[in-house]
Amino acid sequence: MQQKKSISFGFRGWMLIIFQAIGFLAFTAFTNYPMNLLASSGFYGGWTGNPEAGEIVGTAVVSNIYTIAAVITIVIQLVLSRFMGKIKNMKGVSMVLGAIAMILAAFITFYPPTMTQNANVFWLIMYALEYISVTMYATFSIGVLIGQWFPRRKGTVMGIATLMFPIANALIGFIAPNIFAMDFAGEQPMPLLIEYAMSGGMAGQNTWMPTMLPFLIVCVIGWLIGLIFVKDYPEQCGCFRDNDKSITPEIAQRMMEEEIKAKETTVWKTGHTMASKDFWFVTIPAGVLLMFAVGAMTQTQPIFEMVGMGDQYSTIMLCIAAAGIVGSFVLGVVDTKIGTKKSMIIAMFMMLLSGILGYIGASSNNGSLVLAAFIILGLFMGASSNYTVSAAAQYWRREDFSSVFAVVNAIANLIQAFGPMLIANLLFGTAGVAGVFIACAIGGVISVILMFLFSPKSVKETDDKYRKAAGKALDDELAHRL
């Protein structure tokens, strides 16, 4: 007997969404947050000098390490993309990556980058390893699970999960200036990194660790949720794809088995995927969105200090976070209702508008316009991480999703990786705040053009060509996604 179709996600589906959301929190807390903490104490530059003089790890150096680690991560993802069809247990891969990420996150939590020169070098190495592991965990392996559980409703699901990005940035924006920059007796703001370095103890441990520890605890809980409640496929725990109970469990089980078998002979190998022009038309804009969303959010404090609004930073971050929450959910629903391409084009125009308003505000020293630009940036920031999953699930077959997503995610993250370095170099160079927004506007123009060039119909034609060459049957599986 058939069961009614459900519009909910089901208990296990919600557990997967929470698992993904807390994964995004881990990514934000242990890659972006250290830069915000250092910026909140005024350290933008060097890292190898005398701690007594305040010459410790700075945000500019950490942003460069961020980019180097990201490039390494992309290489790993591209290598893995060649074997996605042979990976039988992506949940197990997620658990291993998550365990490594949590161990390294614990190191970053308990050992701040404020000691001797050799200790700072070691901290940067651990930071790079954490970036690699937490990125593979939060934005890659769990993303594959999302696509396998919610192939049609991935936009809404990711729209909910990515609410964590603006929430995390709001928490970071509040904690960094209001807690980290004060002693815990509440007596006075202080340059705590320098003070503890001069005291001869573990530099900054009294204040760095308590601000990082809550994030670590929540992220470990998220990892445990994934371990206990999530499976590779919903059918493995008595659930249904998209929580669609209109089919029988027997049919659902058969569909899962057919998909697993078909993945082993996917026609969208890494080379075929990268040879498709439409792959590039959709992936580059997704990466550019991430580049400016992530890059700008790593430097929010110095940007608003430069436009004379540093004393309102906590309130500003709450405003940006609120915009991010709205944007993440609304653009996710738009993605599900009218398609990924249209949702992405809306986000690209937001990026363009943000760049224009921000440039005008920075050029005229109008902090209100810069704030308006960041609120618009917040709207597309919340949704920017949706699109690598959504595009691969929307325009490619289920059996090809994991292989295509591995490449889309790798290239988009490669572009994104240059965000913090680009923003930091523009901001602290001659371009300043205005230069940051000029780059954002240019990115918006390029992305809009590429998204209009992207053609789902062309993807289907390429898919037919590859399947015919491989001796596979042609069908209309992709026709309804045009």
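Counting only distance, with no hydrogens or angles, the side chain of Q416 and the backbone of V288 share no donor-acceptor pair below 3.5 Å. Side-chain atoms of S343 come within 3.5 Å of backbone atoms of L331 as a donor-acceptor pair (strictly under, hydrogens ignored). With hydrogens and angles ignored, the 3.5 Å screen pairs no side-chain donor or acceptor of Y359 with any backbone N or O of G435. The backbone N or O of E130 lies less than 3.5 Å from a partner atom in the side chain of S133, making a donor-acceptor pair. At least one donor-acceptor pair under 3.5 Å links the side chain of Q77 to the backbone N or O of A410. Remark: the backbone N or O of G324 is not paired with any side-chain donor or acceptor of S328 at under 3.5 angstrom. Under the 3.5 Å distance criterion, the side-chain polar atoms of S354 are left unmatched by any main-chain donor or acceptor of M350.
Side chains of T156 and T336: a donor-acceptor N/O pair is present below 3.5 angstrom, by distance only.
Between F452 and F349, the angle of the ring planes goes over 60°, which puts this pair in the perpendicular group of the 30/60° scheme. Between F19 and Y137, the ring-plane angle classifies as perpendicular under the 30° and 60° cut-offs. Ring geometry for F122 against F107 counts as perpendicular: the plane angle is over 60°, on a 0 to 90° scale with 30° as the lower cut.
Here the CZ-CE distance, from F110 to M212, works out to 10.5 Å after rounding to the nearest 0.5 Å. Atom CD1 of I346 is separated from atom CE of M451 by 11.0 Å, given to the nearest 0.5 angstrom. Distance CD1/I17 to CZ/F9: 4.5 Å, rounded to 0.5 Å. Rounding to the nearest 0.5 Å gives a distance of 11.5 Å between OG of S81 and CD1 of I74. Going from atom CG of L289 over to atom CD1 of I284 covers 12.5 Å, rounded to the nearest 0.5 Å. Between W123 atom CH2 and I108 atom CD1 the span is 5.5 Å, to the nearest 0.5 Å.
Here the closest non-hydrogen pair linking I415 and M291 is O-SD, 3.4 Å. Minimum interatomic distance between L104 and M126 (heavy atoms only, all atoms of both residues): CD2-SD, 3.9 Å. Across all their heavy atoms, W280 and S276 have their closest contact at CD1-O, 3.3 Å. Looking at every heavy atom in both residues, G361 comes nearest to V370 through C-CG2, 3.8 Å. Nearest heavy-atom pair across F292 and V436 is CE2-O, 4.3 Å. When every heavy atom of Q20 is checked against every heavy atom of A161, the shortest pair comes out as CG-CB, 3.7 Å.
Taking 4.5 Å as the limit, some side-chain heavy atom of I146 sits within range of a side-chain heavy atom of L16. In this structure the side chain of D335 never reaches within 4.5 angstrom of the side chain of M158, judged on heavy atoms. Within the 4.5 Å cutoff, the side chain of Y387 has no heavy atoms near those of the V282 side chain. With contacts defined as side-chain heavy-atom distances shorter than 4.5 Å, the pair M136/S141 does not qualify. Using a 4.5 Å heavy-atom cutoff, the side chains of I160 and W14 are in contact. When side chains are defined from C-beta on, Q312 does not count as touching L371, because their heavy atoms never get closer than 4.5 Å. Side chains of Y127 and T31 form a contact here, defined as non-hydrogen atoms less than 4.5 Å apart.
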- For side-chain contact (heavy atoms from CB on, under 4.5 Å), just list the numbers for L80 and F140, CA-CA rounded to whole Å, side-chain angles, deciding distance to a tenth of an Å, and then say yes or no. CA-CA 11 Å; L80 279 178; F140 175 66; 3.9 Å; yes
- Task: Apply side-chain contact (heavy atoms from CB on, under 4.5 Å) to T109 and F30, showing your working.
- Result: CA-CA 9 Å; T109 297; F30 298 108; 3.6 Å; yes
- Task: Give the intermediate values and the outcome of side-chain contact (heavy atoms from CB on, under 4.5 Å) for residues F428 and Q299.
- Result: CA-CA 10 Å; F428 303 122; Q299 303 297 342; 3.8 Å; yes
- Does the pair M351 and S447 meet the rule for a side-chain contact (heavy atoms from CB on, under 4.5 Å), with working shown? CA-CA 9 Å; M351 179 165 56; S447 298; 3.7 Å; yes
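Ring centers of Y66 and Y131: under 6.0 Å apart, within the cut-off.
T283 pairs with exactly one of N409, T388, T273, I411 by the side chain to side chain contact (heavy atoms under 4.5 Å, CB included) rule, that one being I411.
Residue pairs satisfying the side-chain hydrogen bond (donor to acceptor under 3.5 Å, both in side chains) criterion with at least one member in residues 361-384, sequence neighbours excluded, are absent.
The ring pair (Phe, Tyr, Trp, His ring centres under 6.0 Å) test applied to F279 returns no partner, not counting sequence neighbours.
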